*Asks:* 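Take this structure first; my questions come after.
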Amino acid sequence: MSATGTLTATAPVSGAAEASLTPLFVRLKLSLLRNGLKGSSKRRAVWIVNLVFCLVVGLFAALGLAMLHGHTHAGTAVVLLAALLALGWTFMPLFFPTGDETLDPSRLVMLPLRPRPLVRALLASSLVGIGPLFTLCLAVGSVVAVARGAAGAVAAVAAVPLLLLGCVALARAMATANVRLLSSRKGRDLALLSGLLIAVGGQAVNFGSQRLFQQGGLGQLEPAAAVVRWLPPATAVGMVDSAGRGAYAEAAAQLLLTLAALAGLLWFWERSLTKLMVTPDGSTLVAAAPRKARDGSGGVWSFLPAGRTGAVMQRTLRYTVRDPKTKAAWVTALAVGMIIPVFNALQGSGSVYLACFGAGMLGVQMYNQFGQDTSAFWMVAQTISGPRDAYEELRARAIALALVTVPYTALVTAVTAGLLGDWAGLPGGLGVSLAVVGAMLCTGALASAHYPYSIPSDGAFKNVAPGQAGLAWMGIFSGMFASAVICSPVIVLAVWLNFADGMQGLRWILLPAGIAWGSLSAWAGLRLAAPRVARTLPEILTAVSKG
């Protein structure tokens with residue numbers, strides 16, 4: 001039976017069968033959890049540790065929230081916490097789509113199930129797991145913190161399940177609406193963003209908490225909480241706070257808003273589920289894109305130079321976009337390279353020269369250029385017949401890297417200078433950073449020629465083939481040390497211009513000096529590496545193909 005006729009061509013399910021669907025799905029979820037732990041003591045131990053950790057942290061968090069009872073700003077804290085919980089439940093399925101296979105309702109499209117009872121069954125089964133248990137602990141602690149009097153206690157009893165159901169329904173509705181995206185390669189690539197958001201979010205929370213407790217405490221968040229308490233499902237906790245304060249009309253309005261939002265979420269979920277079960281998957285349809293778009297000869301690639309240089313640049317940039325490990329390395333470098341200088345500047349302890357950190361993080365991507373091709377490097381090797389071909393190959397790869405690194409370095413330096421108010425130091429910081437980029441391109445080309453190693457295709461965290469770790473560390477550390485030595489003339493000039501009396505006005509010289517020195521360094525490194533690549537091509541091919 002085709003997916004298109006799943007709901008219309010199947011016989012109706014009886015009311016008794018619909019009623020038994022919910023306990024059946026709960027038992028299936030428990031069976032999935034139980035069977036997933038069989039046969040692997042390591043997996044079972046990890047799950048038990050996670051469960052214990054969740055319980056301990058959840059109970060202590062609930063106790064800490066309960067201790068806020070009677071505090072002036074307790075309502076502000078728990079309402080914002082409820083909003084953060086809802087935000088996490090909304091977007092985590094998009095970043096970790098493979099964390100729970102039951103989030104994929106497309107597995108059920110061939111079964112004779114109606115959407116409405118299926119929604120109830122999936123909602124009930126979604127309440128089984130470590131995440132809902134942790135959310136339940138935080139929900140209980142939150143309502144205890146603001147529950148006052150009999151009205152507050154009654155509201156608290158209703159608020160806990162409403163908050164929990166609202167969070168789970170958000171996750172389910174978002175997962176169902178985006179399930180085709182999440183099950184595709186591009187959708188799975190969304191998980192890479194989680195590292196960026198976690199890194200940025202962690203620094204933001206750290207910076208925000210420091211400023212919060214240095215400048216007046218939770219009282220500063222009252223305006224935000226006044227808005228959030230009217231945004232479901234945080235309205236469930238706001239209802240308890242309002243009832244405890246005697247604002248019964250406000251509590252009733254928040255209760256109605258919570259119920260309406262939950263009903264709307266369930267309706268949206270049902271509609272998305274119906275659409276999923278009756279709409280054919282677009283991957284089964286013949287692509288109708290124009291040939292120019294399919295073969296990659298148009299679009300942004302048309303701006304690349306013609307010949308070998310443009311072809312190599314396009315291949316390198318496509319690896320960056322499509323290869324999971326290459327993409328993960330780039331995302332990490334881009335995130336950390338921006339976070340370190342920017343957040344140091346926000347805390348008042350930074351320097352415009354910390355932008356060099358971002359340049360260095362991206363410069364490391366030049367190392368082991370041939371290993372990034374894995375076993376496909378043999379196709380590249382067929383096109384290299386001498387030092388000239390090797391030079392053109394390395395030069396095109398370096399230009400592709402510089403195409404991203406140079407604008408990114410300029411952006412990071414400008415943002416850092418703006419946050420510090422040190423616009424006079426912008427030319428100097430950018431000049432030193434560009435010198436670092438050139439030095440990293442130089443040493444990266446040499447390391448790729450002298451210390452190539454294989455990157456295994458299996459394992460998300462295996463970046464070096466067994467037995468080649470020494471080569472990897474040798475190439476990286478020797479290259480970084482050599483880069484520091486190569487940049488030393490520009491660094492010495494920067495120190496002299498910054499600390500010598502009356503020389504601060506000449507710091508702009510660092511920009512042309514850094515550009516010239518970085519360009520010269522990159523050119524020299526490519527020229528020195530090319531003969532080595534042409535001479536040892538069979539050895540390089542053997543080294544990068546071991547994975």
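From a predicted model like this one, the values you see are computed outputs, not experimental measurements.
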*Asks:* Under the 3.5 angstrom rule, does the side chain of Trp517 hit a backbone N or O of Ile486 as a donor-acceptor pair?
*Replies:*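 Yes, Trp517 side chain to Ile486 backbone: donor-acceptor pair under 3.5 Å.
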
*Asks:* Is Asn368 reaching over with its side chain to a backbone N or O of Tyr453, donor-acceptor style, under 3.5 angstrom?
*Replies:*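 Yes; at least one donor-acceptor contact below 3.5 Å.
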
*Asks:* Testing Thr413, Val406, Val412 for side chain to side chain contact (heavy atoms under 4.5 Å, CB included) with Thr409, which one passes?
*Replies:*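 The option that passes is Thr413.
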
*Asks:* Go through Thr536 and His450 one step at a time and tell me if the side chain to side chain contact (heavy atoms under 4.5 Å, CB included) criterion holds.
*Replies:* CA-CA 9 Å; Thr536 61; His450 288 82; over 6 Å; no

*Asks:* Find out whether Ser126 and Val168 are in side-chain contact, i.e. whether some heavy atom of one side chain is under 4.5 Å from a heavy atom of the other.
*Replies:*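 Sidechains of Val168 and Ser126: in contact.
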
*Asks:* Indicate yes or no: at least one non-hydrogen side-chain atom of Leu122 is less than 4.5 angstrom from one of Trp269.
*Replies:*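 They are in contact (side-chain heavy atoms under 4.5 Å apart), so the answer is yes.
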
*Asks:* I'd like to know if Glu393 and Arg315 make a salt bridge, using a cut-off of under 4.0 Å between side-chain N and carboxylate O.
*Replies:*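 The answer is yes: the pair qualifies as a salt bridge.
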
*Asks:* Test side chain to side chain contact (heavy atoms under 4.5 Å, CB included) on Arg527 and Cys442 and set out the steps.
*Replies:* CA-CA 9 Å; Arg527 282 294 183 186; Cys442 167; over 6 Å; no

*Asks:* With distance as the sole criterion, is a donor-acceptor pair present between the side chains of Asn498 and Tyr353 under 3.5 Å?
*Replies:*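 Distance-only check passes for Asn498 and Tyr353.
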
*Asks:* At their closest point, which heavy atom of Ala417 faces which heavy atom of Val352, and how far apart are they?
*Replies:*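 Minimum heavy-atom separation between Ala417 and Val352: CB-CG2, 4.0 Å.
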
*Asks:* Output yes when a side-chain donor or acceptor of Arg308 lies under 3.5 Å from a complementary backbone atom of Thr383, and no otherwise.
*Replies:*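 Such a contact is found between Arg308 side chain and Thr383 backbone.
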
*Asks:* Would you say Asp373's side chain and Ala376's backbone share a donor-acceptor pair under 3.5 angstrom?
*Replies:*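 Side chain of Asp373 to backbone of Ala376: no pair is present.
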
*Asks:* Quick one, Tyr367 and Met440 - any side-chain contact, counting heavy atoms below 4.5 Å?
*Replies:*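 Sidechains of Met440 and Tyr367: in contact.
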
*Asks:* Do the side chains of Tyr391 and Val533 get nearer than 4.5 Å, heavy atoms only?
*Replies:*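 Answer no - side chains too far apart.
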
*Asks:* Using only atom types and a distance under 3.5 Å, with no angle test, would you say the side chain of Tyr408 pairs donor to acceptor with the backbone of Ala359?
*Replies:*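 Between the backbone of Ala359 and the side chain of Tyr408 there is no qualifying donor-acceptor contact (under 3.5 Å).
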
*Asks:* Do Thr443 and Met366 come close enough that some side-chain heavy atom pair is under 4.5 Å?
*Replies:*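 They are not in side-chain contact.
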
*Asks:* Does a side chain donor of either Thr316 or Arg397 reach within less than 3.5 Å of an acceptor in the other side chain?
*Replies:*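 Result is no, nothing qualifies.
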
*Asks:* For Thr309 and Pro305, indicate whether the former's side chain and the latter's backbone hold a donor-acceptor pair under 3.5 Å.
*Replies:*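 No.
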
*Asks:* Please assess Phe370 against Leu394 for the test side chain to side chain contact (heavy atoms under 4.5 Å, CB included), listing each intermediate value before the final yes or no.
*Replies:* CA-CA 10 Å; Phe370 307 127; Leu394 285 170; 3.6 Å; yes

